[in-house]
K.L.:
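Pasting in a structure now, in structure tokens, and then I'll have a few things to ask.
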There are 2 protein chains.
Amino acid sequence: MESFYEQCKANNLKITPQRVAVFKALTSSLSHPSADQIHRELKKEFPNISLDTVNRTLLTFAKADMIDVVEGHGDPRRFDPNQEAHHHFYCISCRGIFDFHDSAVDNISVSPELEKRFTITGKRLCLSGYCDNCRSSQ
Amino acid sequence: MESFYEQCKANNLKITPQRVAVFKALTSSLSHPSADQIHRELKKEFPNISLDTVNRTLLTFAKADMIDVVEGHGDPRRFDPNQEAHHHFYCISCRGIFDFHDSAVDNISVSPELEKRFTITGKRLCLSGYCDNCRSSQ
DNA sequence: TTGACAAATAGGATTGAATCCTATTTAATC
DNA sequence: GATTAAATAGGATTCAATCCTATTTGTCAA
Ligand SMILES: [Mn+2]
Ligand SMILES: [Mn+2]
Ligand SMILES: [Zn+2]
Ligand SMILES: [Zn+2]
């Protein structure tokens with residue numbers, strides 16, 4: 001938590017009770033929660049913290065590289081007609097999803113321990129960054 | 001497209017002009033479109049096709065394993081306090097996201113050709129399936 | 001070919017998450 | 001303690017998804 005204060009300072013972020021609470025709630029969670037989940041959790045302690053603040057705060061932390069926004073599985077859904085095994089590159093600028101094939105990646109085998117822990121039905125390498133168009137227009 | 005009719009038959013799906021159009025629009029697209037994008041596209045040909053139909057049709061195809069719903073990057077966002085390099089298992093039943101570490105996966109190197117094509121800033125293996133809880137309760 | 005019926009559609013209503021807006025409050029600095 | 005820019009609360013708005021139901025339509029068997 002000291003590092004939280006340092007990181008805030010380094011990014012010129014004021015330290016508010018709400019920010020402290022959001023950060024604590026997220027770091028003490030193992031479930032990759034949504035803003036809404038954190039908001040519900042914090043309402044117990046701060047009955048009138050607003051969802052907008054939670055959302056904004058999380059995005060602020062993400063922009064400061066203090067936390068991550070992970071590849072989602074929510075809406076809006078994206079659909080894929082390509083039924084072959086393949087992988088995806090996601091452009092964080094234009095939001096395009098580009099297919100690629102890579103046999104080295106296809107042959108990745110995860111540890112047997114992991115295979116026991118989960119029933120794995122899908123396996124895909126997800127790259128992200130900037131597509132050719134978007135990096136040249138910057 | 002013959003296989004489209006076969007697949008519909010095999011899954012007891014009636015062949016409607018809307019379904020044909022949605023399937024064609026998706027398979028002729030390279031951009032992993034959203035339901036809304038397909039809807040806008042189809043409105044040119046079918047001015048009063050409804051968004052609900054497009055959405056429902058795509059989900060129907062996905063359930064019949066004729067197309068895929070890909071890992072999204074939309075809402076609701078999920079946040080991650082874990083800043084170490086790590087990977088994710090996503091449970092398609094309870095929607096939980098579970099971290100795992102795997103050095104073999106960390107050391108994956110994608111082809112130089114791909115590195116040229118994109119500016120890659122993120123690399124993560126995304127597994128999906130059923131977590132321990134969800135597979136035992138089935 | 002027609003008729004019956006279950007399935008599918010259109011389009012309006014509802015939901016839920018994210019974002020926007022703006023008056024008010026507050027953390028940081030001196 | 002006063003100043004000031006930044007942050008917050010909470011209501012309004014937007015947008016995608018989903019629900020609802022009256023109407024239409026594809027399928028299949030007579
Ligand atoms: Mn794809
Ligand atoms: Mn994680
Ligand atoms: Zn791009
Ligand atoms: Zn689960």
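Below, read A as the first sequence line, B as the second, and so on, with proteins coming before strands; counting in each chain starts at 1. For clarity, every value in this text was computed on a predicted model and none was experimentally measured.
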K.L.:
Tell me if a side-chain donor or acceptor on His86(A) pairs with a main-chain N or O of Phe100(A) at a distance below 3.5 Å.
P.N.:
no
K.L.:
Which is true for Leu58(B) with a 4.0 Å heavy-atom rule: it touches a base, it touches only sugar-phosphate, or it touches nothing?
P.N.:
nothing
K.L.:
Nearest whole Å is fine: how far is dG10(D) P from Phe46(A) CZ?
P.N.:
13 Å
K.L.:
Check the surroundings of atom NZ in Lys24(A): do more than 12 heavy atoms from other residues, nucleotides or ligands lie under 6.0 Å from it?
P.N.:
no
K.L.:
Strictly below 4.0 Å: does Gln18(B) bring a side-chain N or O up to OP1 or OP2 of dA10(C)?
P.N.:
yes
K.L.:
If you assign Thr16(B) and Ala35(B) each to the DNA chain D nucleotide with the nearest heavy atom, which residue ends up on the more 5' nucleotide?
P.N.:
Ala35(B)
K.L.:
Among dT8(D), dC21(C), dA17(D), find the nucleotide with the atom closest to the side chain of Asp52(A).
P.N.:
dC21(C)
K.L.:
Judged by each residue's nearest nucleotide on DNA chain D, which is more toward the 5′ side, Arg56(B) or Lys9(B)?
P.N.:
Arg56(B)
K.L.:
Find the distance Asp36(B):CG to dA17(D):P and express it as a whole number of Å.
P.N.:
7 Å
K.L.:
Using a cut-off of strictly less than 4.0 Å, decide whether Arg40(B) has a side-chain nitrogen or oxygen near OP1 or OP2 of dA16(D).
P.N.:
no
K.L.:
Does Leu51(A) reach a base, just sugar-phosphate, or nothing at all? Heavy atoms under 4.0 Å.
P.N.:
nothing
K.L.:
Output the single nucleotide from dA10(C), dT8(D), dA6(C) whose closest atom is nearest the side chain of Thr57(A).
P.N.:
dT8(D)
K.L.:
What's Pro17(A) touching, base or sugar-phosphate or nothing? Going by heavy atoms closer than 4.0 Å.
P.N.:
sugar-phosphate
K.L.:
Would a line drawn from the ring center of Phe79(B) to the ring center of Phe61(A) be shorter than 6.0 Å?
P.N.:
no
K.L.:
Would you kindly give the NZ-to-P distance between Lys14(B) and dC28(D), to the nearest whole Å?
P.N.:
9 Å
K.L.:
Specify the separation, in whole Å, of atom CD1 of Ile38(A) and atom C1' of dA18(C).
P.N.:
15 Å
K.L.:
Report the distance from atom CD1 of Ile15(A) to atom P of dT8(D), rounded to the nearest whole Å.
P.N.:
12 Å
K.L.:
So if I take every side-chain heavy atom of Thr53(B) and compare against dA28(C), dA6(C), dA10(C), which nucleotide ends up nearest?
P.N.:
dA10(C)
K.L.:
Please determine whether the number of non-hydrogen atoms from other residues, nucleotides or ligands lying under 6.0 Å from atom CD of Gln83(A) exceeds 12.
P.N.:
yes
K.L.:
Between dA10(C), dT18(D), dT8(D), which one does the side chain of Asn55(B) approach most closely?
P.N.:
dT18(D)
K.L.:
Taking NZ from Lys43(B) and P from dG11(C), how many angstroms apart are they, rounded to a whole number?
P.N.:
7 Å
K.L.:
Please determine, for the side chain of Asn48(B), which listed nucleotide (dT9(C), dT18(D), dG11(C)) has the closest atom?
P.N.:
dG11(C)
K.L.:
I'd like to know if Leu114(B) and Leu30(B) are part of one continuous hydrophobic network [Ile/Leu/Val/Met/Phe/Trp/Tyr, side-chain heavy atoms within less than 4.5 Å].
P.N.:
no
K.L.:
Please tell me if Arg77(B) has a side-chain N or O lying less than 4.0 Å from either OP1 or OP2 of dA17(C).
P.N.:
no
